[in-house]
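Small disclaimer: the values here were computed from a predicted structure and weren't measured.
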Amino acid sequence: MQKRNLGSEGLAVSELGLGCMGMSEFYGTTDEDESTATIQRAIELGVTFLDTADMYGPFTNERLVGKAIEGRREEVQLATKFGNVRGEDGSFRGVRGDAAYVRECCDASLQRLGVDHIDLYYQHRVDPETPIEETVGAMKELVEAGKVRYLGLSEAGVETIRKAHAVHPISALQSEYSLFTRDVEDEVLPALRELGIGFVPYSPLGRGFLTGRFKSIEDMPEEDTRSARFPRFAEENFMKNVELADRVREVADDKGVTPGQLALAWLLAQGEDIVPIPGTKRRKYLEENAGASGVELTAEDLRRIEEAMPRGSAAGERYTEEMMRAVGR
């Protein structure tokens, strides 16, 4: 597994990371033992960039990650997030970015993770009621205190990114990016490259569609919330997106790789400043994803992928209307 740099401040991470959210919530049943084994296997494979957030669980995913890396802290680059406010009962209570909340969240995350510092600390969503200068100013203080090493934003708009970067260097922006979702190519990626900020795509496999795993809506796991939260999984859009994924599978079959590996290799080919974080809670899928780092795509491969899934061809928005209001601020 090769390394890539995020930003210009010295943050080096594995070129593929591991999204840990689904180990605790949202994507069906969970298995803590298998999830722990998956994180530990990731480290063995060189997938050392681990992504979590305080809201996942809520609050349980950080504990899971912390337990899994116990005794191996220096082997990993640990990223977590604050900003999406949730109650212990799982309720969603809005977004906060005020300075007091930033400090409170960081201390709580450090305790749950069982570590003395966070490598990359993201604001998960931008608080429209708090100036970004206040939020990043408080994050900067965490860096100065040694609690955080590098700063990030998630789903922020270009103007916000510029304002934040003027307060303290931002090392990475995390937003959705895949063959299914390419909006960031218009304004966000060019701005990041101008400023020297790395990019971390989440949901790089289209929340599972690009693996070819789903053939019908009945294939969705029990207790899975995707159909309620993401319009692309709604009944009226589902089969259209399966058809698109099948086209990608045809290209992958000809290449001798899995569809997921092809989709991840496509992202890696978009720039050395891009570090996808495919999420999984099982070792077998982790191992498959890690294999994408060895896939070299030719110009003809890239042409065929573009032809199979042209930009904007996915059916349905990536989030519900309410959730979309929280992105791009």
How about E235: does its CD atom have over 12 heavy atoms from other parts shown lying under 6.0 Å from it? no

According to a hydrophobic-cluster definition based on side-chain heavy atoms being under 4.5 Å apart (Ile, Leu, Val, Met, Phe, Trp, Tyr only), do V295 and L179 belong together? yes

Heavy-atom side-chain contact between M55 and M21 under 4.5 Å: no

Pair F199-L6, side-chain contact (heavy atoms from CB on, under 4.5 Å): steps then yes or no: CA-CA 7 Å; F199 186 63; L6 289 175; over 6 Å; no

Given 3.5 Å as the limit, does a donor-acceptor pair link the side chain of T160 with the main chain of R329, or not? yes

Apply ring-ring contact (aromatic ring centres under 6.0 Å, His included) to F230 and F26, showing your working. CA-CA 11 Å; F230 310 118; F26 300 124; 8.3 Å; no

Between Y202 and V184, is there shared hydrophobic-cluster membership here, with clusters defined by ILVMFWY side-chain heavy atoms closer than 4.5 Å? yes

Does a sphere of radius 6.0 Å around CD in E133 hold more than 12 heavy atoms from other residues, nucleotides or ligands, not counting ones at 6.0 Å or beyond? yes

Is it true that a side-chain atom of R4 and a backbone atom of L268 form a donor plus acceptor pair closer than 3.5 Å? yes

Check V275, L120, D51, L153 against Q174 for a side-chain contact (heavy atoms from CB on, under 4.5 Å) and give me the one that passes. D51

List the atom pairs, with distances to 0.1 Å, where a side-chain N or O of residues 108-119 and a protein N or O form a donor-acceptor pair under 3.5 Å, not counting sequence neighbours.
{"residue": "S109", "atom": "OG", "partner": "E62", "partner atom": "OE1", "Å": "3.3"}
{"residue": "S109", "atom": "OG", "partner": "E62", "partner atom": "OE2", "Å": "2.7"}
{"residue": "S109", "atom": "OG", "partner": "C105", "partner atom": "O", "Å": "3.3"}
{"residue": "R112", "atom": "NE", "partner": "E62", "partner atom": "OE1", "Å": "2.7"}
{"residue": "R112", "atom": "NH2", "partner": "E62", "partner atom": "OE1", "Å": "3.0"}
{"residue": "H117", "atom": "NE2", "partner": "R73", "partner atom": "NH2", "Å": "3.1"}
{"residue": "H117", "atom": "NE2", "partner": "D119", "partner atom": "OD1", "Å": "3.4"}
{"residue": "D119", "atom": "OD2", "partner": "R73", "partner atom": "NH1", "Å": "3.1"}
{"residue": "D119", "atom": "OD2", "partner": "R73", "partner atom": "NH2", "Å": "2.9"}
{"residue": "D119", "atom": "OD2", "partner": "L78", "partner atom": "N", "Å": "2.7"}

Test item: K81 and R125 side chains (from C-beta on) under 4.5 Å apart, heavy atoms: no

Is any side-chain N of the basic residue among E34 and R283 closer than 4.0 Å to the acidic one's carboxylate O? yes

Taking the side chain as C-beta and beyond, is there a heavy-atom pair between T181 and S203 under 4.5 Å? no

Ion pair check, E32 and R63, cut-off under 4.0 Å: no

In terms of the angle between their ring planes, are F209 and F214 parallel, tilted or perpendicular, with boundaries placed at 30° and 60°? perpendicular

Where the side chain of S24 meets the backbone of G57, is there a donor-acceptor pair that is under 3.5 Å apart? no

So, E243 and R247, do they make that salt bridge, N to O below 4.0 Å? no

Tightest non-hydrogen contact, residues L210 and P204, listed as CD1-O, 3.9 Å

Consider only side-chain heavy atoms of I, L, V, M, F, W and Y, link residues closer than 4.5 Å, and tell whether F59 and V102 are in one cluster. no

Kindly say whether G152 contributes a backbone atom to a donor-acceptor pair with the side chain of S171 at under 3.5 angstrom? no

Between the side chain of E134 and the main-chain N/O of D98, is any donor-acceptor distance below 3.5 Å? no

Would you call K147 and E141 a salt bridge, taking side-chain N to carboxylate O under 4.0 Å as the test? no

What do you reckon, is NZ of K240 surrounded by more than 12 foreign heavy atoms closer than 6.0 Å? no

Which is it for F92 and N84 under the side-chain contact (heavy atoms from CB on, under 4.5 Å) test, yes or no, and what are the steps along the way? CA-CA 8 Å; F92 289 84; N84 281 317; 5.7 Å; no

Would you confirm whether K281, through its side chain, and T29, through its main-chain N or O, come within 3.5 Å as a donor-acceptor pair? yes

Working for side-chain contact (heavy atoms from CB on, under 4.5 Å), residues I197 and H165: CA-CA 9 Å; I197 299 172; H165 196 63; 3.8 Å; yes

Side-chain ion pair, K284 and E288, N-O less than 4.0 Å: no

If the condition is ring-ring contact (aromatic ring centres under 6.0 Å, His included), which residues does Y121 pass it with, not counting sequence neighbours? F82

Can you tell if the side chain of T80 reaches within under 4.5 Å of the side chain of N61, non-hydrogen atoms only? no

Flag the pair E176 / R207 as yes when at least one side-chain heavy-atom distance between them is below 4.5 Å, and no otherwise. yes

Below 4.5 Å, heavy atoms only, C-beta onward: do V200 and L173 meet side chain to side chain? no

Quick check on the hydrophobic clustering: are Y27 and L18 connected, directly or via other members, by side-chain heavy-atom contacts under 4.5 Å? yes

Passes side-chain contact (heavy atoms from CB on, under 4.5 Å), K140 versus V143? Steps please. CA-CA 5 Å; K140 177 182 178 180; V143 175; 5.5 Å; no

Decide yes or no for L205 and L264: does some side-chain heavy atom of the first lie under 4.5 Å from some side-chain heavy atom of the second? yes

Measuring only between side-chain heavy atoms, which start at C-beta, is I305 closer than 4.5 Å to L297? yes

Side-chain donor or acceptor of D273 paired with backbone N/O of G198 under 3.5 Å: no

Are M220 and M239 connected into the same hydrophobic cluster when the rule is that any two of I, L, V, M, F, W, Y join if their side-chain heavy atoms are below 4.5 Å apart? yes

Taking the basic N atoms (NZ, or NE/NH1/NH2) and the acidic carboxylate oxygens, is any pair closer than 4.0 Å for R311 and E306? no

Do E185 and R182 meet the salt-bridge criterion of a basic N to acidic O distance under 4.0 Å? yes

